[in-house]
Structures are given as structure tokens and as C-alpha cells.
Amino acid sequence: MNRIVELKAMVKDDPVPVELEGWVWQFRKQGKLAFVELFDGSTWKIVQVTLKKNKLPENKFDLIDEIYRGAALRIKGQLKADGRAPHGIEVLAEDMDVIHPSNEEFDQQVPQDAGVDVRLNKRHIVIRSPKTSAILKLRSHILKYTRDYFYSRGAEEVTPPTIVEAQAEGGAELFEIKYFDRKAYLTQSSQLYLEAAIFSLGNVFCILPSYRAEKSRTRRHLTEYTHIEGEYAFMDFEGLKEYLEDYIIYLMEQIKENDSDILELFGKTLEVPSKPFPRVSYKEAIEKLKELGHDIPYGTDISDAPERDLVNHYGVPIILEHFPTDMKPFYHKINEDDPSITNSADFIFPNLGEIIGCGERETDIDSMLDRMAKMDPPVNPEEYYWYMDLRRYGSIPHSGFGLGLERFLVWILDLDHIRDATLFPRLMNRVSP
RNA sequence: GCCUCCGUAGCUUAGCUCGGUAUAGCAUCCGACUGUUAAUCGGAAGGUCGACGGUUCAAAUCCGUUCGGGGGCGCCA
């Protein structure tokens with residue numbers, strides 16, 4: 001059995017016998033001739049199968065009456081180059097079996113011009129489309145490149161629990177769940193557990209869902225998203241930023257090298273940014289934004305629109321760093337030279353916004369206790385007894401980050417909405433399918 | 001939490017201001033077609049106008065309530 005992804009390389013001057021299994025994506029019938037666009041998931045590309053009545057065994061051509069979009073077929077035929085076919089190759093069928101039929105309802109499920117609501121309700125059908133397949137392929141490849149990068153840099157992958165007792169982030173809303181006879185929450189970040197794991201494995205990373213119960217209706221928010229997080233032992237703030245620059249550059253180079261067909265499908269040409277990315281301190285950003293017409297008081301969050309204006313001013317990903325201590329959670333390390341700011345940073349991408357949040361972690365237990373008490377609402381150190389213990393016994397300088405995989409995908413392919421960057425999106429009003 | 005827009009056939013939609021049960025394209029069904037690639041051509045069928053209530057001789061259209069959905073803000077990755 002051959003896979004469609006292999007066909008292009010198999011083409012020779014003379015026709016090559018092949019056997020394919022796959023699903024009908026499009027079907028065009030024309031008297032004693034018919035064209036099937038066959039899709040098998042091995043590539044987002046379909047292959048055109050040409051059915052001619054006089055090339056098929058007796059009565060086999062009559063099977064076209066059973067063929068609807070979505071049907072599963074087995075095809076034996078001759079592969080050849082043909083400029084008339086999509087992607088330049090086609091298979092002239094010599095035999096065909098219907099593995100499982102579809103029916104006329106398939107086309108009624110998700111018509112070409114279906115709206116957002118229909119497409120989300122029929123997501124299980126939508127993902128059969130070549131274009132959605134391409135997005136999910138690239139998503140898979142980014143996960144692979146990520147693992148390749150981290151393993152090659154001496155990190156181990158761990159899978160911390162996603163059911164947790166206390167919250168890791170300050171402001172974000174938590175999903176509360178019933179956990180036998182007590183309350184628990186779905187995690188918003190695995191950071192704190194990764195910090196603990198350092199003491200067992202050294203450098204660590206994880207790729208897990210994070211959950212945010214924010215009632216955010218924007219093209220950049222999911223309630224469940226894939227969070228790529230890492231924590232690195234003995235790494236300071238400067239080392240962290242360089243490490244993440246290398247990571248982003250590595251991802252983009254790999255995508256450019258291996259996934260050019262997908263980039264082309266989406267009409268994207270990637271420009272790999274060069275090191276170092278522009279560093280913009282929070283204080284500088286406030287000043288720069290004033291020039292750009294945004295008057296933001298020092299010590300308040302830079303919201304979305306000004307943030308985008310700022311990064312678009314540079315035109316490349318920037319590192320927005322050194323947020324004021326009062327604005328950030330207790331675990332961000334206070335800067336040695338200026339205690340009013342932290343060694344924290346966000347990587348801001350043009351046209352999209354924040355994709356990575358990162359920072360050096362605080363190791364001074366007294367500073368942490370002080371800031372936990374000042375948070376609103378105050379954080380109870382009892383709930384973090386194990387996290388505080390990390391600072392009691394052999395603490396070390398360490399730094400970490402979190403990257404939103406779907407946001408990165410949206411940025412790479414310039415997608416209209418983050419819901420298109422994941423298999424079955426979880427949104428404010430949607431948990432099905 | 002706030003602002004805003006939209007629900008008419010499987011889908012996309014005209015009609016609504018100024019009340020008289022509804023328009024078209026795609027998909028579906030039947031027929032023709034050996035080079036299509038959103039195929040084309042001819043024909044057919046498909047609707048309690050989101051739901052409930054009110055006004056009226058008469059409501060897709062006017063009023064009220066409610067449900068569902070889109071876009072954005074804020075917040076965040």
C-alpha cells in the first residue's frame with residue numbers, strides 16, 4: 001500500500017503501479033469519466049484519481065453511483081505526472097473498491113460557504129479538509145521541533161499534574177472542579193511544578209494543556225490551550241532570553257526548511273529574525289508609546305492595542321522586559337540593581353502580541369513572603385508550602401518560560417482565529433465536539 | 001464584566017424602513033456529458049422565517065420577553 005505523501009517522489013517517465021487507500025475529498029463525474037480527489041492524511045495534499053469506464057474491470061465503473069464525498073476507497077492504478085491534475089500528479093485507476101460508502105448528507109454537513117457556528121459544530125468534519133490538515137500537520141511538526149530543541153539542550157520532558165489545589169497565576173480565572181469531597185482546580189500553568197522538578201532532573205520542559213476561565217472573546221483566546229513550558233537550572237535572566245531567541249529561530253528555520261509547502265498554501269514567506277531581538281524595558285515602552293500617541297500611566301498594564309502598536313513599530317519580535325515589581329506575581333526575581341523592577345519579560349510578536357511570558361525566578365524566601373502578602377487577594381504561603389521549601393534547601397538561580405502553541409501557530413500562518421490552530425477548540429461558549 | 005451586530009431551505013442569503021405566509025445561488029434528487037480541478041448544461045424537490053407572548057381582519061416584517069451565535073474591549077499565553 002502506498003501513501004499519498006510518497007507519490008511525488010515515485011513518479012518516473014513511465015507509469016508506476018500504485019495502491020492507495022483514502023477518503024474522497026472532491027468528486028467530479030462526467031459521463032464515462034470521473035475524477036476523485038483522494039485524501040489519506042499522510043499529507044495535506046490530495047491526489048487526483050481518474051476513473052475511466054474503459055480502463056476499469058467490468059461493472060466497476062458503476063460503483064461511482066455509491067461514491068459521495070467522504071467515502072473510503074481502495075484504488076489500484078498507474079501513477080504518472082500530469083500537468084492537468086492538482087499538484088501535477090494523478091493516478092489512472094485500474095481497479096477500485098469501496099471500503100466504506102458515504103452518502104449525500106456529507107455535503108450538507110459543511111458546505112464551502114458555511115459560517116463560523118456551523119464549522120465549529122461540525123469540527124469533526126472540517127478537520128478532514130486539506131487546509132485544516134495542513135494546520136494540524138504544522139502543529140505536530142512544531143511539537144517535534146520543540147522536543148528536538150529541548151532534548152538537544154539537555155532538558156528532560158515531564159508531565160506535571162493538571163489538577164491542582166492552588167493557583168499559579170495572579171489575575172487569571174480558574175476552572176473549579178469537584179474533587180471527591182473537596183475543591184480542586186484545572187491548572188493555569190505548570191511552572192511551579194517544573195521549578196520543583198529541576199531538583200530531580202535538572203533542566204525540564206513540559207507540553208501540557210493550561211486552562212483559563214477568562215471570559216475573553218478575542219481571536220487570541222482559548223479556555224484550554226497547549227502550553228509549552230520550561231525551567232532551567234543555573235540560568236540567569238540574560239541566559240534565558242538568549243535561549244528563547246535561539247528556540248524561536250530554531251523553530252522558524254525548521255519550519256522554513258521542512259514545511260515550505262504548508263507556508264506556501266497559506267501564502268506566507270517566513271523571515272527568520274536575527275539575534276538579538278530588540279530589548280525594550282517596560283519604562284522605555286511607556287515612553288515610546290507616548291510618542292505613538294498612547295498615554296499609559298507607569299505601573300499599569302500595557303493593553304493589547306498599544307502593545308501591538310509598539311511591536312509593529314519595530315516590525316520584528318521584541319522582548320518587553322523588566323516589568324515593575326508591583327505588577328508581577330511573587331515568583332518573579334527582583335532586579336539586583338533596581339528593586340522596583342523584576343527580571344521578567346514577554347516576547348511580543350508583530351500583528352499578534354504576547355506569545356511567550358518568561359522570567360528569572362525569585363529565590364529569596366523573605367521577599368516572596370512579603371510580596372505574597374501584598375498580592376490582591378493575598379496568597380497564603382501554607383498552600384505553597386512545597387514551593388517555599390524549594391527556597392529552603394539548596395535553592396539555585398533558575399529561569400523559565402511559557403509559550404502558547406496555538407498563538408505561535410496563528411502567528412506563523414497568519415490565521416484569522418486561534419480556534420483554527422487546535423484540533424477541537426475550547427472556547428467560552430463551546431465544549432463540543 | 002462591558003460595548004456592538006446577527007438569527008429566513010442543509011449552507012450563504014433577498015425581502016423587514018412603509019404588515020397581505022417568501023427571493024436567488026450552492027448543495028441534494030432525476031437526465032446529458034471522456035479532462036474536470038468551486039466542472040458545465042437541462043429539469044425537480046426543498047420553508048411551522050430561532051422560540052414564546054402581544055398588537056392587528058392579517059406578522060418574516062411592528063412591540064415585549066427569551067434562547068443561540070458573531071465581532072470587539074478589558075484580562076491573559
Side-chain angles (χ1 to χ4, degrees), chain A residues 25-38 46-56 61 64-65 68-69 82-90 92 103-122 125 130 168-174 187-191 208-229 300-307 327-329 345-349 352-358 401-411 416-419 421-422 427-430:
Chain A
W25 171 242
Q26 297 286 356
F27 182 54
R28 292 178 290 276
K29 194 174 149 185
Q30 193 176 340
K32 297 185 177 66
L33 172 71
F35 299 97
V36 171
E37 289 186 0
L38 198 72
I46 54 88
V47 66
Q48 174 163 291
V49 176
T50 304
L51 306 172
K52 292 183 176 176
K53 189 174 169 73
N54 62 7
K55 298 284 184 189
L56 284 165
F61 191 76
I64 65 170
D65 292 333
Y68 291 90
R69 297 188 59 210
D82 193 319
R84 294 171 296 185
H87 309 306
I89 56 170
E90 74 169 18
L92 180 60
N103 61 52
E104 70 284 355
E105 287 169 18
F106 187 89
D107 253 327
Q108 315 265 340
Q109 300 278 325
V110 190
Q112 293 271 0
D113 51 2
V116 173
D117 195 33
V118 172
R119 302 186 74 82
L120 285 172
N121 287 334
K122 303 289 183 172
I125 305 293
E169 299 273 331
E173 299 285 329
L174 288 158
T187 191
Q188 298 171 305
S189 165
S190 300
Q191 178 199 320
L208 288 173
S210 280
Y211 304 89
R212 304 283 167 96
E214 296 155 1
K215 292 184 175 171
S216 305
R217 292 179 67 92
T218 81
R219 63 188 57 182
R220 296 174 303 282
H221 286 84
L222 294 166
T223 54
E224 175 178 357
Y225 68 96
T226 302
H227 211 171
I228 298 172
E229 294 178 276
T300 62
D301 282 314
I302 298 171
S303 63
D304 218 62
E307 190 178 82
M327 286 173 59
K328 285 287 177 180
D346 290 344
F347 280 52
I348 315 291
F349 284 62
L352 185 74
E354 183 180 354
I355 289 182
I356 297 177
C358 69
F401 74 96
L403 175 145
L405 172 62
E406 290 83 2
R407 283 192 180 177
F408 185 68
L409 254 176
V410 167
W411 183 70
D416 293 333
H417 201 291
I418 197 166
R419 64 187 164 220
T422 190
L427 301 161
M428 209 175 113
N429 299 329
R430 199 172 293 272

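Order of the sequence lines sets the chain letters (A, B, ...), proteins ahead of strands, with each chain counted from 1. In this text, all values refer to a predicted model and were calculated from it rather than measured experimentally.
Using atom C1' as the reference point in both B/A60 and B/C49, the two lie 4 Å apart (nearest Å). Separation of the C1' atoms belonging to B/A51 and B/G72 is 28 Å when rounded to the nearest angstrom. Comparing the C1' positions of B/U21 and B/C29 gives an interatomic distance of 26 Å, to the nearest angstrom. One C1' atom belongs to B/G70, the other to B/U28, and the distance between them is 28 Å to the nearest Å. Nucleotides B/C11 and B/U55 are separated by 35 Å at their C1' atoms, to the nearest Å. Spacing between B/A58 and B/G15 at atom P, rounded to whole Å, works out to 27 Å. Look at the C1' atom in both B/G35 and B/G43: the space between them is 26 Å, to the nearest Å. As rounded to the nearest Å, B/U12 and B/U34 have P atoms that lie 35 Å from one another.
Base pairing of B/C41 is made with B/G31, judged by Watson-Crick or G-U wobble geometry with both donor-acceptor distances under 3.5 Å. Base-pair partner of B/G74: not found among the strands shown (Watson-Crick or G-U wobble, both distances under 3.5 Å). Remark: B/G53 base-pairs with B/C63. Criterion, Watson-Crick or G-U wobble with two distances under 3.5 Å. The partner of B/G47, taking Watson-Crick or G-U wobble pairs whose two distances both stay under 3.5 Å, does not exist in any strand shown. B/G19: no Watson-Crick or G-U partner with both key distances under 3.5 Å is found in any strand. Both distances falling under 3.5 Å, in either a Watson-Crick or a G-U wobble arrangement, place B/C26 opposite B/G10.
Contact between A/Leu120 and A/Leu427 at its shortest, heavy atoms only, is CD1-CD1, 4.1 Å. Considering all non-hydrogen atoms of both residues, A/Cys358 and A/Phe347 come closest at SG-CE1, 4.0 Å. A/Gln109 and A/Lys122 make their closest contact through OE1-NZ, 3.0 Å (heavy atoms, listed as atom of the first residue, atom of the second, distance). A pairwise comparison of heavy atoms in A/Ala421 and A/Leu409 identifies O-CD1, 3.5 Å as the closest pair. What you find for A/Trp25 and A/Pro130 is that their closest heavy atoms are CE2-CD, 3.4 Å. Taking every heavy atom of both residues into account, A/Glu229 and A/Gly402 meet most closely at CG-CA, 3.8 Å.
OP1 and OP2 of B/C76 both lie 4.0 Å or more from every side-chain N or O belonging to A/Arg220. Dashed line: the shortest gap from a side-chain N or O of A/Lys52 to OP1 or OP2 of B/U34 is not under 4.0 Å.
As rounded to whole Å, 23 Å separates atom P of B/C76 from atom CZ of A/Phe408. Rounding to whole angstrom units, NE2 of residue A/His221 and P of B/C73 are separated by 10 Å. The distance from atom CD of A/Gln109 to atom P of B/C11 is 11 Å, rounded to the nearest whole Å. If you measure from atom CZ of A/Phe27 to atom P of B/A27, you get 14 Å, rounded to the nearest angstrom. The interatomic distance linking A/Leu427 (CG) with B/G72 (C1') rounds to 15 Å, in whole Å. Between the CG atom of A/Asp107 and the P atom of B/C26 there is a distance of 14 Å, rounded to whole Å. Atom CD of A/Glu224 and atom C1' of B/A77 are 14 Å apart (whole Å). Distance A/Glu173 CD to B/C76 P: 11 Å, rounded to the nearest Å.
In this structure, A/His87 reaches neither bases nor backbone, as no heavy-atom distance under 4.0 Å exists between it and the strands shown. Residue contacts shown for A/Ser303 are limited to sugar-phosphate atoms, with no base heavy atom under 4.0 Å away. Using a 4.0 Å heavy-atom criterion, one finds that A/Gln30 contacts the bases of the nucleic acid, with or without backbone contacts as well. Residue contacts for A/Leu405: at a heavy-atom cut-off of 4.0 Å it reaches no nucleic acid atom on any strand shown. Looking at heavy-atom distances under 4.0 Å, A/Lys29 makes contact with a base. At a threshold of 4.0 angstrom between heavy atoms, the contacts of A/Ile355 are confined to the sugar-phosphate backbone, with no base atom among them. The residue A/Ala34 sits apart from the nucleic acid: no heavy atom pair falls under 4.0 Å. Using a 4.0 Å heavy-atom distance criterion, A/Arg430 is classed as a sugar-phosphate-only contact. Residue A/Glu229 is out of contact with every strand shown, counting any heavy-atom pair closer than 4.0 Å. Within the nucleic acid shown, A/Thr218 comes within 4.0 Å of at least one base atom, counting heavy atoms only.
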Give every pair of a protein N or O atom and an N or O atom of nucleotides 29-31 of chain B that lie under 3.5 Å apart, one pair per line with the distance.
from  : atom 1 : to      : atom 2 : distance (Å)
B/C29 : OP1    : A/Tyr68 : OH     : 2.9

Could you pull out the protein-nucleic contacts involving nucleotides 12-15 of chain B (nitrogen or oxygen on both sides, under 3.5 Å)?
from  : atom 1 : to       : atom 2 : distance (Å)
B/U12 : OP1    : A/Gly115 : N      : 3.0
B/U12 : O4'    : A/Asp113 : OD2    : 3.4

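Put simply, the residue from A/Arg28, A/Gln48, A/Arg69 that forms a side-chain hydrogen bond (donor to acceptor under 3.5 Å, both in side chains) with A/Glu37 is A/Arg28.
Judged by atom type and distance alone, A/Arg119 does not reach the base of B/C11 through any side-chain donor-acceptor pair under 3.5 Å. Evaluation of atom-type donor-acceptor distances gives no pair under 3.5 Å for the side chain of A/Ser216 against the base of B/C76. Side-chain to base pairing of A/Glu214 with B/G1: no donor and acceptor N or O lie closer than 3.5 Å to each other. Put simply, the side chain of A/Gln48 and the base of B/U36 share a donor and an acceptor less than 3.5 Å apart. Evaluation of atom-type donor-acceptor distances gives a pair under 3.5 Å for the side chain of A/Asp304 against the base of B/C76.
Residue A/Phe35 and nucleotide B/G35 are not classified as a stacked aromatic pair, given the requirement of ring centres less than 5.5 Å apart at an interplanar angle below 30°.
Distances from the side chain of A/Arg219 to the nucleotides B/G72, B/G70, B/U34 place B/G72 closest. When distances are taken from the side chain of A/Pro111 to each of B/A77, B/G10, B/G69, the shortest belongs to B/G10. Here B/G70 is the nucleotide among B/G72, B/G70, B/U36 with the atom lying nearest to any side-chain atom of A/Leu120. Closest to the side chain of A/Asp301, out of B/C76, B/U34, B/G10, is B/C76. The nucleotide whose nearest atom lies closest to any side-chain atom of A/His227 is, among B/U36, B/A77, B/G1, B/A77. The side chain of A/Gln108 approaches B/U28 more closely than any other nucleotide in the set B/U28, B/U34, B/G71. With distances taken from any side-chain atom of A/Glu90 to the nucleotides B/A77, B/G71, B/G35, the minimum falls on B/G35.
For A/Glu354 and A/Arg407, the salt-bridge test fails: no basic side-chain N is under 4.0 Å from an acidic carboxylate O.
Looking at A/Thr218, its side chain does come within 3.5 Å of a backbone N or O of A/Arg220 through a donor-acceptor pair. Panel note: side chain A/Glu406, backbone A/Thr226; a donor-acceptor pair is recorded below 3.5 Å.
When each of A/Asp117 and A/Gln112 is assigned the nucleotide of RNA chain B bearing its nearest heavy atom, the one mapping closer to the 5' terminus is A/Gln112. In this structure, A/Ala305 and A/Gly83 both approach RNA chain B, and ranking their closest nucleotides by distance from the 5' end singles out A/Gly83.
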